[in-house]
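Here's the structure, in structure tokens; my notes come after.
Labels below follow one simple rule: chain letters A, B, ... track the order of the sequence lines, proteins then strands, and each chain is numbered from 1.
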2 protein chains.
Amino acid sequence: MATIKDVAIKAGVAISTVSAVINRSAPVSEDVIARVEAAIATIGYLPHGAAKALRSGNSRLIGVILPDITNPFFSMVARVIETVCMKAGYMTFVYNTDEDPEHEMRILQMMRMQRVAGMILISTRSDAAHGRRLMAAINVPTVLFGSNVEGTPYDVITLDDRKAGALAIDHLVELGHRRIAIIAGRPGVSTHDERLAACIEALQRHGIVLDEDLIIAADFVQQLAFEAGQKLLARADPPTAIFALSNLMLIGAMRALLAAGKTCPRDLSLVGIGDFDWPEIMSPQMTVVATPAVAMAEFAIGALLDEIDSKRPPAGKRTLFAPELIIRGSSAAVSIEEPLRDPLAI
Amino acid sequence: MATIKDVAIKAGVAISTVSAVINRSAPVSEDVIARVEAAIATIGYLPHGAAKALRSGNSRLIGVILPDITNPFFSMVARVIETVCMKAGYMTFVYNTDEDPEHEMRILQMMRMQRVAGMILISTRSDAAHGRRLMAAINVPTVLFGSNVEGTPYDVITLDDRKAGALAIDHLVELGHRRIAIIAGRPGVSTHDERLAACIEALQRHGIVLDEDLIIAADFVQQLAFEAGQKLLARADPPTAIFALSNLMLIGAMRALLAAGKTCPRDLSLVGIGDFDWPEIMSPQMTVVATPAVAMAEFAIGALLDEIDSKRPPAGKRTLFAPELIIRGSSAAVSIEEPLRDPLAI
DNA sequence: CTGAAAGCGCTAACAT
DNA sequence: ATGTTAGCGCTTTCAG
């Protein structure tokens, strides 16, 4: 591969002049610029990224750490970040944690070795202990996305998870549902904790006594949600509605319904968090609390690049994006009145 | 950030010894290894990737170039590659071409700047002119994936596209379909060219006269396939079956059907290439020619790492993976006999 | 406006 | 078995 030295020789100038032309970092005469650019073109020279990074102390690399790129929500987020980064002259590393904190730490270490200039992190845990581990492993501008982490000074961009939970429960209660099951995520992540807390709060607000058996954690995993759905449907007193706290878990619940030969929304209403690209190809079409993925991702990468460029320390600002309830065919009023369980009615 | 020098001082050894310990590149006494490792741990030292890459001439970086990470087929491919690479001590850059050759060239340039050790390339064009452009832009071990490119010496891993096309057409013809529409991809990519050629061949083999108007190219874009579907359905003599040559185009066709208020498979049969993760949530469930994404990706990255490690030049070997016809509810026998168009019948 | 030279952090000869 | 040293290709003072 050609080096900057070859270009300098070819153009008959000094190495530093070539560098100045490439980076426009110092005034160079028009004549010399032309000669250097011609030399670059004929030789086919391309600067050596690692050498640049080593010498300048700036890798112009951004790390993106997310649970699973095959989840359409995250792949869209990655896509948006890539596009914005490329425009700004940054390259991106995208890595999957698989929701495993240990793996997250390993990825963080790789990012550090590459001396990334900044990171967008969708963390696997939200507790303070994990926050301390992160603080020890991260020494670059970072923006937390999707989930919060206690004890970190970073900016956080999330959905308004509490509102998302309340929106769905309110909707189901309005339709007359009282036995509402919740397929939850993984305790310890704010995405789970806040959504679930909001659900419980909403249920209580509506005077519904909480049935712990109707809440099943499925780790945000589609297959576990399927199994949770099967368990719920096999009950003597199955719920009249299921609320799944993520997009893939909603699919799992839907599969359980289909496997049990039940019909939605006749036998059971279904609601999820996170929308799908082509809702009309599902049957029935899903009622969801939609997450503005693109806007959130654009905001997050914008905030990160801003922090990197300005060299400002993180402000620790939390930005919540409003969820939107989209009512489709999967949720409907309870068809058959539940038998009263009040002793007084016997 | 701590450097190797800090570690050497702390451990009371030379920096080359530290390097030897880290890379196990030279024999070092147990005692010294322990001292160095202790120093690394207490200082929290992590090697500088760029410095390593610069000095060793090995970036241990792999580039993955694909059309669109939000397409579930490609996100799965990226996922598999990432996992295998990490195990082998490589990091991956994943970039989207958006099916745009110019953009592909720009990405190739970025990959070159990073001095990637190898690439998996899902190219946007298959013609020899594009092959020449690639040859001028690529100077590292590369494996072509999904589509072939004329005039390149690289190994190629693809679906057996001709078989995929024939499988679907044979299936539809067996069901009695004669007016079969094809929503094709983008001319100039082997994924399109070979699949379409096989379809035409199969139709002729069955004695069906080709109707050019029933073949619409939709650039592998979901929305364009939707529009193509609408156009086909609006005809005075609509087809009795549509075969979409990719997963997202199948969804586009399905949406067109729904938008037109038609029922599948009663009014029209639908077949696609590439399976979905949860086929049961669609209604009807789609008959597809399935692509073994995981096996193909594993094979491709294995071949690439092999070529890198062995320092062998590319063998130019073409490996075809067998597609599998999965018959589900979206394809059925033509219900109503088409009126005969043979003049003799008038 | 241009050029000479130092050195980013690391590896790999080569000496010892 | 361990230490010394010369660069990898680039940016960035600092002189001219």
Side-chain angles (χ1 to χ4, degrees), chain A residues 1-37 39-40 43-61 89 91 109-110 112-117 139-140, chain B residues 1-37 39-40 43-61 89 91 109-110 112-117 139-140:
Chain A
M1 285 286 301
T3 73
I4 197 171
K5 202 174 157 188
D6 302 324
V7 177
I9 293 169
K10 183 94 182 174
V13 298
I15 292 175
S16 59
T17 306
V18 178
S19 177
V21 170
I22 292 169
N23 303 301
R24 268 109 183 72
S25 54
V28 183
S29 67
E30 288 299 327
D31 172 53
V32 172
I33 289 180
R35 279 212 329 271
V36 169
E37 284 179 344
I40 288 175
I43 289 182
Y45 166 74
L46 261 186
H48 192 301
K52 253 182 130 106
L54 175 58
R55 177 59 234 234
S56 69
N58 184 355
S59 66
R60 296 204 78 83
L61 254 26
M91 287 191 75
Q109 190 163 302
M110 290 175 24
R112 244 182 110 171
M113 278 195 56
Q114 296 300 329
R115 300 301 192 268
V116 292
N139 60 344
V140 291
Chain B
M1 285 286 301
T3 73
I4 196 170
K5 204 174 157 189
D6 301 325
V7 177
I9 293 168
K10 183 93 181 175
V13 299
I15 56 176
S16 62
T17 307
V18 178
S19 178
V21 170
I22 292 170
N23 303 302
R24 267 113 185 72
S25 53
V28 182
S29 68
E30 289 300 326
D31 171 52
V32 172
I33 289 179
R35 278 211 332 268
V36 169
E37 283 179 343
I40 288 174
I43 288 182
Y45 166 75
L46 261 185
H48 191 300
K52 256 182 126 104
L54 175 59
R55 177 59 236 234
S56 69
N58 184 353
S59 65
R60 294 203 80 81
L61 254 25
M91 286 190 76
Q109 189 162 303
M110 290 176 24
R112 242 182 112 173
M113 278 196 55
Q114 296 300 328
R115 300 302 192 269
V116 292
N139 61 343
V140 292

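Atom CG in B/N23 sits about 13 Å away from atom P in C/dA13, given to the nearest Å. Taking atom NE2 of residue A/H48 and atom P of nucleotide C/dC8, one finds them 18 Å apart after rounding to whole Å. Atom P of nucleotide C/dG9 and atom CZ of A/R115 are separated by 9 Å, given to the nearest angstrom. Atoms CG (B/D6) and P (C/dC8) sit 11 Å apart, rounded to a whole Å. Between the CE atom of B/M1 and the C1' atom of C/dC10 there is a distance of 14 Å, given to the nearest Å. Here the P atom of nucleotide C/dC8 and the CD1 atom of B/I4 are 14 Å apart, to the nearest Å. In this structure, CD1 of B/I43 is placed 13 Å from P of C/dG9, rounded to the nearest angstrom. Atom OH of B/Y45 is separated from atom P of C/dG9 by 10 Å (rounded to the nearest Å).
Pairing each heavy atom of A/I4 with each of A/I15, the nearest pair is CG2-CG2, 3.7 Å. Scanning both residues, A/V36 and A/V13, for their nearest heavy atoms gives CG2-CG2, 4.0 Å. The two residues B/S59 and B/Q114 make their nearest non-hydrogen contact at CB-O, 3.9 Å. Among all heavy-atom pairs drawn from A/L54 and B/A51, the shortest one is CD1-CB, 3.8 Å. Nearest heavy atom pair, residue B/A8 against residue B/A14, reads CB-C, 3.9 Å.
Mapping heavy-atom proximity under 4.0 Å, the span of DNA chain D touched by chain A runs 5' to 3' from D/dG9 to D/dT12.
Backbone-only contact: B/T3 has heavy atoms under 4.0 Å from sugar-phosphate atoms and none from a base.
Looking at heavy atoms from C-beta onward, B/N23 lies in side-chain contact with B/K52 at the 4.5 angstrom threshold.
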Under-3.5 Å N/O pairs linking protein and nucleotides 3-5 of chain C:
residue : atom : partner : partner atom : Å
C/dG3   : OP2  : A/A14   : N            : 2.8
C/dG3   : OP2  : A/T17   : OG1          : 3.2
C/dG3   : N7   : A/S16   : OG           : 2.8
C/dA4   : N6   : A/S16   : OG           : 3.2

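At least one donor-acceptor pair closer than 3.5 Å links the side chain of A/R115 to the backbone N or O of A/R112. Although no hydrogens or angles enter the test, the distance criterion places a donor-acceptor pair under 3.5 Å between the side chain of A/R60 and the main chain of A/G89.
Between B/S25 and B/L54, the residue anchored nearer the 5' end of DNA chain C, judged by the nucleotide with its closest heavy atom, is B/L54.
Between B/T3 atom OG1 and B/I43 atom CD1 the span is 8.0 Å, to the nearest 0.5 Å.
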